[in-house]
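The block underneath contains the structure these notes are about, expressed in structure tokens.
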There are 2 protein chains.
Amino acid sequence: MKTTGEILRERREKKGMLLRHVSALLDIDTAILSKIERGERKATREQINRLAEILEIDKESLIIQYLSEKILYELKDEDLGIQALKVAEKTIKYGVTKNK
Amino acid sequence: MKTTGEILRERREKKGMLLRHVSALLDIDTAILSKIERGERKATREQINRLAEILEIDKESLIIQYLSEKILYELKDEDLGIQALKVAEKTIKYGVTKNK
DNA sequence: CCTATATTTGACAATTATTGTCAAGTTAAT
DNA sequence: ATTAACTTGACAATAATTGTCAAATATAGG
């Protein structure tokens, strides 16, 4: 499966846009976008929304990929990650979230 | 399923310990522990380790519960949370993590 | 009821993590 | 060798998390 960064870079190049162009629309330095595309940094949630629009990427699939990477990042050093994911999934399904 | 906070409070009371006692061992103010037990704040990962020892709680199950709450917190405003969880699960299973 | 002790609450301070800029360094194509 | 695009790394700004403190509420005995 393609990473968020790969998706972004592919689409940007396919559209013939430069880092300079896209980063200007996002109002950030090209350095950050470069890092995002190479997976060295994470985009913010808001940047993902804008990028989907700017690059005309299917929003849902981009967000799903982005969120899953965020989750994996949280669990990267955890042996019990899979079990935690399963518990989270069950909880979310039964709508038992009581976060504030 | 019991929340992390509920597990902690139950065990502390069962052991007849006061917030004061446990929070001293954790080297934090009782206020924070109170909030953690009531789910108003999250414990740190390290505090979870210490709490499992201090309160003699099965470490694995406590960590799984704790991590799953952390994940759910990340996804609390996301419509696509479940899908993201599923993608994350698949990725973790195939050991394709390339986070740095 | 009085008062001791335990817990809770909320304002805000300290700390840590994330997000950003900038300038200099590569890379690649003339 | 120039030039344009991108990358790198040091560090600044901002935002989120974690903590303290003091006052407010319970809770339980005399």
Side-chain angles (χ1 to χ4, degrees), chain A residues 3-52 54-55 62-63 66-78 98-100, chain B residues 3-52 54-55 62-63 66-78 98-100:
Chain A
T3 65
T4 305
E6 284 164 357
I7 295 168
L8 296 174
R9 174 147 293 186
E10 273 182 24
R11 276 300 290 164
R12 177 175 64 80
E13 290 177 343
K14 201 155 273 170
K15 297 201 79 182
M17 298 179 82
L18 299 178
L19 282 177
R20 179 153 51 82
H21 300 139
V22 177
S23 63
L25 291 170
L26 290 176
D27 196 31
I28 55 172
D29 199 273
T30 60
I32 298 184
L33 186 54
S34 167
K35 286 168 187 171
I36 289 170
E37 288 185 350
R38 285 170 302 106
E40 195 182 311
R41 290 246 184 134
K42 285 174 294 186
T44 66
R45 187 61 178 75
E46 192 43 36
Q47 285 163 350
I48 289 295
N49 284 334
R50 317 261 301 278
L51 284 164
I54 293 165
L55 301 175
L62 185 65
I63 291 173
Y66 169 75
L67 291 176
S68 87
E69 282 169 23
K70 234 173 119 182
I71 294 164
L72 290 171
Y73 178 77
E74 289 267 322
L75 299 179
K76 69 178 181 311
D77 303 320
E78 297 290 350
K98 46 174 146 182
N99 288 311
K100 52 171 51 178
Chain B
T3 65
T4 304
E6 285 165 357
I7 295 168
L8 295 175
R9 175 148 292 187
E10 273 182 24
R11 276 300 290 164
R12 175 174 64 81
E13 290 178 343
K14 200 155 276 171
K15 295 202 79 180
M17 297 179 82
L18 299 177
L19 282 177
R20 180 152 51 81
H21 300 138
V22 177
S23 63
L25 291 171
L26 289 177
D27 195 32
I28 56 172
D29 198 273
T30 60
I32 299 185
L33 186 54
S34 167
K35 286 168 187 171
I36 289 171
E37 288 185 350
R38 285 169 303 106
E40 195 183 311
R41 291 245 183 136
K42 286 174 295 185
T44 67
R45 187 63 178 73
E46 192 44 34
Q47 285 163 351
I48 290 295
N49 284 334
R50 317 262 300 280
L51 284 164
I54 293 165
L55 301 175
L62 185 65
I63 290 172
Y66 169 75
L67 291 176
S68 87
E69 282 168 24
K70 234 174 120 182
I71 293 164
L72 290 170
Y73 178 77
E74 290 266 323
L75 299 178
K76 68 180 181 313
D77 303 321
E78 297 289 349
K98 45 175 148 182
N99 289 312
K100 53 171 50 179

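We use all heavy atoms of the structure for the numbers below, so side chains are in, but hydrogens, waters and symmetry mates are not. Residue numbering restarts at 1 for every chain, and letters A, B, ... go by the order of the sequence lines.
The residue from B/D29, B/I32, B/L33 that alone fulfils the side chain to side chain contact (heavy atoms under 4.5 Å, CB included) condition with B/S23 is B/L33. Just one of B/T3, B/I54, B/V22, B/L51 meets the side chain to side chain contact (heavy atoms under 4.5 Å, CB included) condition when paired with B/L8; it is B/L51.
Axis angle, first five pairs versus last five pairs of the helix from C/dT5-D/dA26 to C/dT30-D/dA1: 30°, rounded to 10°.
Residues A/M17 and A/R11 are not in side-chain contact: their nearest non-hydrogen atoms beyond the backbone lie 4.5 Å or more apart.
No donor-acceptor pair closer than 3.5 Å links the side chain of B/S34 to the backbone N or O of B/T30.
For C/dA4, the glycosidic angle deviates from 0 by 90° or less, giving a syn base.
Every residue two or more places apart in sequence or in another chain that forms a side-chain contact (heavy atoms from CB on, under 4.5 Å) with A/A52 is listed here: A/K59, A/L62.
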Checklist entry - Would A/T4 and A/K42 count as a side chain to side chain contact (heavy atoms under 4.5 Å, CB included) if you check the C-alpha gap in whole Å, the side-chain angles of each, and the deciding distance to 0.1 Å? => result CA-CA 9 Å; A/T4 305; A/K42 285 174 294 186; over 6 Å; no
Item to check | Check against side chain to side chain contact (heavy atoms under 4.5 Å, CB included), B/I71 and B/E74 | outcome: CA-CA 5 Å; B/I71 293 164; B/E74 290 266 323; 5.6 Å; no
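A pairwise comparison of heavy atoms in B/Y66 and B/T44 identifies OH-C, 3.4 Å as the closest pair.
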Checklist outcome for this item: In B/S/- notation (B base, S sugar-phosphate only, - none; protein heavy atoms under 4.0 Å), nucleotides 7-20 of chain C written 5' to 3' is SBBB-------SBB
